[in-house]
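Naming: A, B, ... by sequence-line order, numbering from 1 per chain. The shown structure was predicted, so the numbers you read here are calculated from the model rather than taken from an experiment.
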Protein chains: 2
Amino acid sequence: MTAIDSSRQRSARNGGSERAEHLAGLIMALARREGMKAGDRLIEQRLADALDLSRAPIRLGLKALEAAGLARGEPHRGFVLAKNPTSGAAQPALAAIRRSEQVYANIAGDVLASRLPFDVTEAELMRRYDLSRAELQRLLDRIAAEGWIARLPGYGWRFAETVSSPKAQAKAMAFRAVIEPAAIAQPDFMLSQEVIARLRERQQRLLEGELEKMTIGEIYHSGCEFHEQIIRGAGNPFFIEALRRVNAIRRLFAYRSFTDRDCMRRHIREHLRLLEILEAQQYAEAAELLAKHLQRPLVQGVS
Amino acid sequence: MTAIDSSRQRSARNGGSERAEHLAGLIMALARREGMKAGDRLIEQRLADALDLSRAPIRLGLKALEAAGLARGEPHRGFVLAKNPTSGAAQPALAAIRRSEQVYANIAGDVLASRLPFDVTEAELMRRYDLSRAELQRLLDRIAAEGWIARLPGYGWRFAETVSSPKAQAKAMAFRAVIEPAAIAQPDFMLSQEVIARLRERQQRLLEGELEKMTIGEIYHSGCEFHEQIIRGAGNPFFIEALRRVNAIRRLFAYRSFTDRDCMRRHIREHLRLLEILEAQQYAEAAELLAKHLQRPLVQGVS
DNA sequence: GATTGTATATTGTTGCCTAAAAGAACAATC
DNA sequence: GATTGTTCTTTTAGGCAACAATATACAATC
């Protein structure tokens, strides 16, 4: 009896297909990043590869998209985007992801505002955020992967000083100002023309209007990707890893940081300038420009 | 019936108090790092704080130490070290830790030698290393925390390219050669006299003979601690975090790297020289020396 | 005043089971 | 030849109950 009750409660809470909606959101977000338009085909295997999943879950997501009117499917012909991923109609699908991030964001906020102690027990978190053990488990795994919480040897977890320190944001930028230019200055740094072209194209799309349609989160993500791609040229995974980690934590601050579109526009123009110099293989100069780019204090939120 | 069987099997495998022995090992290792001698008191609360545990598990460890003849306890007077932690008698306790690391080391070796594919499922690992789900879980958590494996969105885990790349070791050193000097060069770098004194004392103890009594793993650990303490002076947790991460991965290689005690001795003398310069607060010079120190290729295993 | 001893409450683990999700292989279709 | 539809197997998640480990508070002792 209790088993039946709990399963009923569960499916009620999930509304039947939370997972599918989540997957739909992932697909839509990907389509957006890739700059796809209404009418483009959504090829299962390609989506699966891009999202590191198999076709089965992709399928679920596609069906959910169809149900939401964002994709059209015909038998044996697969699915096609019905709306531009940047249009307002696509918002609800993306919201599904956002909803699942709710608790995560709450915790992040509470830590940043010191409403949570350094050391916490799982039971405490379960109570406080009304989570099942499994849900919390996944959440903690994720946060641990992002590097701002770690298991204690005994019971409980401890938040990293990286998040709890009041000056974390400035520290993060100082760290980036060291590793990013240094990566470019590595002796075997190299960025292929194709990569440069792709990066340039994306930055230009932003300037040509897409910036206005994006959420803060997406703008932040796009900025991170740009920098990561550049750093990737050093061919040293440790630089990339380190940058990813800083960015994961900076993201926690991102939501609250002041963002002015003009400022961003200037920022993106600097990105384009950097690409020019990199294309000319003037790496020393590029490193210098990047260092300056990162020391600009006003643009912490989106660089 | 099955329940009884499995629990019997379990306690047989554990030999009754594996955990206690493990704790004993931790205490002994700590005593060793702290340079304690036979006759020193083992104060429960202090040990608990140092190991991030409460007194209860410490107690267990102390009793195990007593059972092994490494500590002596009297009622209401607590425990006292019975042997020097560097003596041969202390070895068995430390071995308990090493034993528990067996599977971890196996996996590390298999990954480094490409005997494991990039992507693996939990079930595969459970079969391969004969682990229960829970044991594997903890192991994966730890490896994930060290940053060389990550969950895939669907089933399975993926090893980081940081480990699998053949040039990982060189890349790791290149990364350190960037962040460590840069940390010292940070405008607000500062290292207190006490810290310098403590570090110096420890390095000197090594030169005065302790080096010979240490295992490769301990030597490696000691080197990492030295560098981490130095970097800590920058007051920027991101530098520390990044260094920790590189070191965690370098440790995987450490066991196989050639180590020559003379070479180490030279290395430690460089550490002492660095401390001198830091004490004089000549930070620019110190950064330069550290950069050189890290570019020396022969000593990768222990710097 | 600091430290240890002891009792008690809290917390996390483990094993088992069922259900759900994902992956893989192959046939059908464009 | 690529892509989709379908089926089947494998893998993981979720929930529960008993259990073991850990934390905490307070009294006793040095």
Side-chain angles (χ1 to χ4, degrees), chain A residues 2-7 9-11 14 17-20 22-23 41-48 51-63 73-79 119-127 131-138 140-141 151-157, chain B residues 2-7 9-11 14 17-20 22-23 41-48 51-63 73-79 119-127 131-138 140-141 151-157:
Chain A
T2 51
I4 294 173
D5 277 353
S6 79
S7 79
Q9 179 195 357
R10 183 147 187 290
S11 71
N14 290 358
S17 60
E18 188 181 325
R19 176 77 180 137
H22 185 241
L23 289 164
R41 285 190 72 187
L42 294 164
I43 292 163
E44 294 186 356
Q45 191 60 56
R46 215 164 296 163
L47 296 173
L51 297 175
D52 265 325
L53 287 163
S54 70
R55 277 173 53 209
I58 295 297
R59 215 123 223 274
L60 235 64
L62 287 172
K63 289 209 181 121
E74 281 180 57
H76 297 291
R77 208 167 300 177
F79 292 85
D119 294 1
V120 290
T121 64
E122 293 183 7
E124 205 177 323
L125 292 172
M126 283 168 63
R127 278 194 297 269
L131 297 168
S132 77
R133 167 141 269 125
E135 288 170 314
L136 179 65
Q137 208 77 262
R138 245 182 326 179
L140 287 174
D141 274 4
R151 268 210 126 79
L152 290 170
Y155 289 164
W157 298 69
Chain B
T2 53
I4 293 171
D5 277 352
S6 80
S7 79
Q9 179 195 356
R10 182 144 188 293
S11 71
N14 289 359
S17 60
E18 188 181 324
R19 175 75 180 142
H22 185 240
L23 288 163
R41 283 190 72 185
L42 295 163
I43 293 163
E44 294 187 356
Q45 192 60 58
R46 215 166 293 165
L47 297 173
L51 296 175
D52 265 326
L53 285 163
S54 70
R55 278 173 53 210
I58 295 297
R59 216 126 222 278
L60 236 64
L62 287 172
K63 290 211 179 117
E74 281 180 55
H76 296 292
R77 207 167 301 180
F79 292 85
D119 294 2
V120 290
T121 64
E122 292 183 8
E124 204 177 323
L125 292 172
M126 283 168 64
R127 277 194 299 270
L131 297 167
S132 77
R133 166 147 261 120
E135 288 172 313
L136 180 64
Q137 209 76 263
R138 244 183 325 185
L140 286 175
D141 274 3
R151 268 210 127 78
L152 290 171
Y155 290 164
W157 298 71

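dT10(D) atom C1' lies 15 Å from atom CG of L125(B), rounded to whole Å. The distance between atom CH2 of W157(B) and atom P of dT12(D), rounded to the nearest whole Å, is 10 Å. The distance between atom CG of L60(A) and atom P of dG5(D), rounded to the nearest whole Å, is 14 Å. As a whole-Å value, the separation of L62(B) CG from dT4(C) C1' is 11 Å. The NZ atom of K63(B) sits 14 Å away from the P atom of dT22(D) (whole-angstrom rounding). Between M126(A) atom CE and dG15(D) atom C1' the separation is 11 Å, expressed in whole Å. Separating the CZ atom of R19(A) from the C1' atom of dA22(C) is a distance of 9 Å, rounded to the nearest angstrom. D119(A) has its CG atom 16 Å from the C1' atom of dT10(C), to the nearest Å.
When distances are taken from the side chain of S54(B) to each of dT24(D), dG23(C), dT10(C), the shortest belongs to dT24(D). Set against dT6(D), dA20(D), dT4(C), the side chain of E44(B) has dT4(C) as its closest nucleotide. In the set dA23(D), dT13(C), dC30(D), dA23(D) carries the atom at the smallest distance from any side-chain atom of L53(B). The Y155(B) side chain lies nearest to dG23(C) when the options are dT3(D), dG23(C), dG12(C). Among the nucleotides dT3(C), dT22(D), dT4(D), the one closest to any side-chain atom of R59(A) is dT4(D). Looking at the side chain of S132(A), the nearest of the listed nucleotides dG15(D), dG5(C), dT12(D) is dG15(D). Closest to the R55(A) side chain, of the nucleotides dG12(C), dT4(C), dG5(D), is dG5(D). Proximity note for H76(A) (side chain, C-beta onward) versus dT11(C), dC30(C), dA21(C): the nearest is dC30(C). With dA13(D), dA23(D), dG12(C) as the candidates, the nucleotide lying closest to the side chain of P57(B) is dA23(D). Of the listed nucleotides (dT22(D), dG23(C), dT4(D)), dT4(D) has the atom at the smallest distance from the side chain of I43(A).
Atom CZ of residue R59(B) and atom OG of residue S54(B) lie 11.0 Å apart, to the nearest 0.5 angstrom. Atom CG of L136(A) is separated from atom CZ of R133(A) by 7.5 Å, given to the nearest 0.5 angstrom. To the nearest 0.5 Å, the span separating CG on L152(A) from CH2 on W157(A) amounts to 9.5 Å. Between the CG atom in L140(A) and the CG atom in L131(A) there is a gap of 9.0 Å [rounded to 0.5 Å]. One finds the CD atom of E44(A) at 8.0 Å from the CG atom of L47(A) (value rounded to the nearest 0.5 Å). Taking CD1 of I43(B) as the start and CD1 of I58(B) as the end, the distance is 12.5 Å to the nearest 0.5 Å.
Counting heavy atoms from C-beta outward, Q137(A) and E122(A) have side chains that approach closer than 4.5 Å. Between D141(B) and D141(A), the closest side-chain pair of non-hydrogen atoms falls below 4.5 Å.
The residue A56(B) sits close to a base: some heavy atom pair falls under 4.0 Å. Residue L136(A) is out of contact with every strand shown, counting any heavy-atom pair closer than 4.0 Å. L42(B) comes within 4.0 angstrom of the backbone, heavy atoms only, and of no base. Note on E124(B): nothing from the nucleic acid sits closer than 4.0 angstrom, heavy atoms only. Using a 4.0 Å heavy-atom criterion, one finds that R41(A) contacts the sugar-phosphate atoms exclusively.
Heavy-atom nearest nucleotides on DNA chain D were determined for G78(A) and for G154(A), and the one closer to the 5' end corresponds to G78(A). Both A134(A) and Q45(A) lie close to DNA chain D; mapped to their nearest nucleotides by heavy-atom distance, the more 5′-ward contact belongs to Q45(A).
Applying the 4.0 Å criterion to OP1 and OP2 of dA2(C), one finds that R46(B) has every side-chain N and O outside that range. Put simply, R133(A) has no side-chain N or O that comes within less than 4.0 Å of OP1 or OP2 on dC16(D). Dashed line: the shortest gap from a side-chain N or O of R151(A) to OP1 or OP2 of dT11(C) is not under 4.0 Å.
L23(A) pairs with exactly one of L62(A), L60(A), L51(A) by the side-chain contact (heavy atoms from CB on, under 4.5 Å) rule, that one being L60(A).
Overall, the helix from dG1(C)-dC30(D) to dC30(C)-dG1(D) carries an axis bend of 60° between its ends, with five pairs at each end and the value rounded to 10°.
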